[in-house]
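As the structure lists them, so they are numbered: ligands from 1, and atoms in each ligand from 1. Just so we're clear, the structure is a prediction, and the values are computed from it rather than from any experiment.
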Amino acid sequence: MIKGISILRRAEEKAVYERLSSFFSAIGFAPGAGWKDAVSTGASFLAPLGNLEFVHGKFPSVADVMFEVTSLDQAYQAAERWLRANGGDAAVKRLGEPTDSDWKARLFTVEPEPGFAFTFWAWTDPLRGKPIAMEGDLSAEGMKFAIVVARWNAVITDRLLEGALDALLRSGAKRNDIQIVRVPGAWEVPAAATTIAEQKKVDAIVTLGCLIRGETAHYEAIYNEVSRGIGQSQQDTGIPHGFGVLTCETLEQALNRAGIKAGNKGFEAASAAIEMVSVKRKIAEGGQA
Ligand code: DLZ
């Protein structure tokens, strides 16, 4: 099963690698996790969609990596600013003029570094190629999180915690930017979440717990209040709260939702929290859909 496309460009010199990374940050790419090990360093940049295209017939002269953007003018201005700041007029000469294509689009090609050419393009028809909705990204790079996790049913909540950490770390969050707060049971989760959210030191909170229906009415009393309290904390503070509190009839159902047969609710809650931080930022910036 194919999951994605990676295009690898080798920069022999470290300075070239750093300038290319700087250019792609300046142009508005979401940074990926990248890597650094004993033998190599990688900077990765994410796009929401990718495809591999083979072309036959007439086609304009373009670089072999093309990026579709929502606004060609904004991309052009960002490229020009970056080139001017990183090499002045001589560097700006590596920025081609925007031209019309045969497929109702405009495009330009730029070499942020000599020998590294990239083409940017956008539809000229405002309704073509535009995403239907504004959506958050799934990069957690630079974000700060708290995870509030209940100790009751720890056999389940420990797995939810593992899932949440997996989602945050794999999306680029740093371990030092994730605070883990343990509370006695699900009942205590909303109060802890509110206290953390009110401090406004984190971008999002992931709430984790597991309620299993017992023989008493305790379950009913707790579970409505827990979800209401977490929702209220989110609304009152404006900090996104991922909801990872399981409400199950049996231990087996809970295990299935904690990484056995039906995904991991901790992972889902953490991914939702990342996406909500990103979408909130886009809404606040008045970004384009
Ligand atoms: C008391 C209780 C019960 C019966 N069941 C659960 C449960 O299934 N999951 C859970 O997270 N917590 C449970 N608790 C504990 C309450 O959440 C709370 O911690 C205690 O009532 C102390 O306030």
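- Geometrically, ligand 1 and Ala150 share no nitrogen or oxygen pair separated by less than 3.5 Å.
- Residues satisfying the ring-ring contact (aromatic ring centres under 6.0 Å, His included) test with Tyr223, not counting sequence neighbours, are Tyr219.
- Within the 4.0 Å heavy-atom criterion, neither part of Val183 lies near ligand 1.
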Decide side chain to side chain contact (heavy atoms under 4.5 Å, CB included) for Phe267 and Arg159; before the verdict, give the C-alpha distance in whole Å, the side-chain angles of both, and the deciding distance to 0.1 Å. CA-CA 10 Å; Phe267 190 100; Arg159 286 163 185 260; over 6 Å; no

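- To the nearest 0.5 Å, the span separating CZ on Arg19 from CG on Asn86 amounts to 7.5 Å.
- Every atom of ligand 1 with a heavy atom of Gly185 under 4.0 Å away is listed here by number and element: 11 (O), 12 (N), 17 (O), 19 (O).
- Contacts between Ile222 and ligand 1, counted as non-hydrogen atom pairs separated by less than 4.0 Å, involve the side chain only.
- Residues Ala204 and Ala273 approach most closely at CB-CB, 3.9 Å, considering heavy atoms.
- A donor-acceptor pair shorter than 3.5 Å cannot be found between the side chains of Trp152 and Thr157.
- The neighbour count for Glu18 CD, taken as heavy atoms of other residues, nucleotides or ligands under 6.0 Å away, is above 12.
- Scanning Tyr223, Trp152, Tyr219 for the heavy atom closest to atom 6 (C) of ligand 1 points to Trp152.
- The closest approach between Gly209 and ligand 1 stays at or above 4.0 Å for every heavy atom of the residue.
- With rounding to the nearest 0.5 Å, the separation of CG in Leu107 from CD in Glu68 is 11.5 Å.
- Every atom of ligand 1 is numbered from 1 in the order shown, and the set under 4.0 Å from a heavy atom of Trp187 is 16 (C), 17 (O), 18 (C), 23 (O).
- The ligand atoms of ligand 1 that sit less than 4.0 angstrom from a heavy atom of Asn153 are 7 (C), 8 (O), 9 (N).
- Listed by first and then second residue, the salt bridge (Lys or Arg N to Asp or Glu O under 4.0 Å) pairs involving residues 40-50 amount to none (not counting sequence neighbours).
- Residue Glu188 has at least one heavy-atom neighbour below 4.0 Å for each of these atoms of ligand 1: 18 (C), 19 (O), 22 (C), 23 (O).
- Geometrically, ligand 1 and Cys210 share a nitrogen or oxygen pair separated by less than 3.5 Å.
- Close contacts of ligand 1 with Ile212, meaning ligand atoms under 4.0 Å from a residue heavy atom, involve 8 (O).
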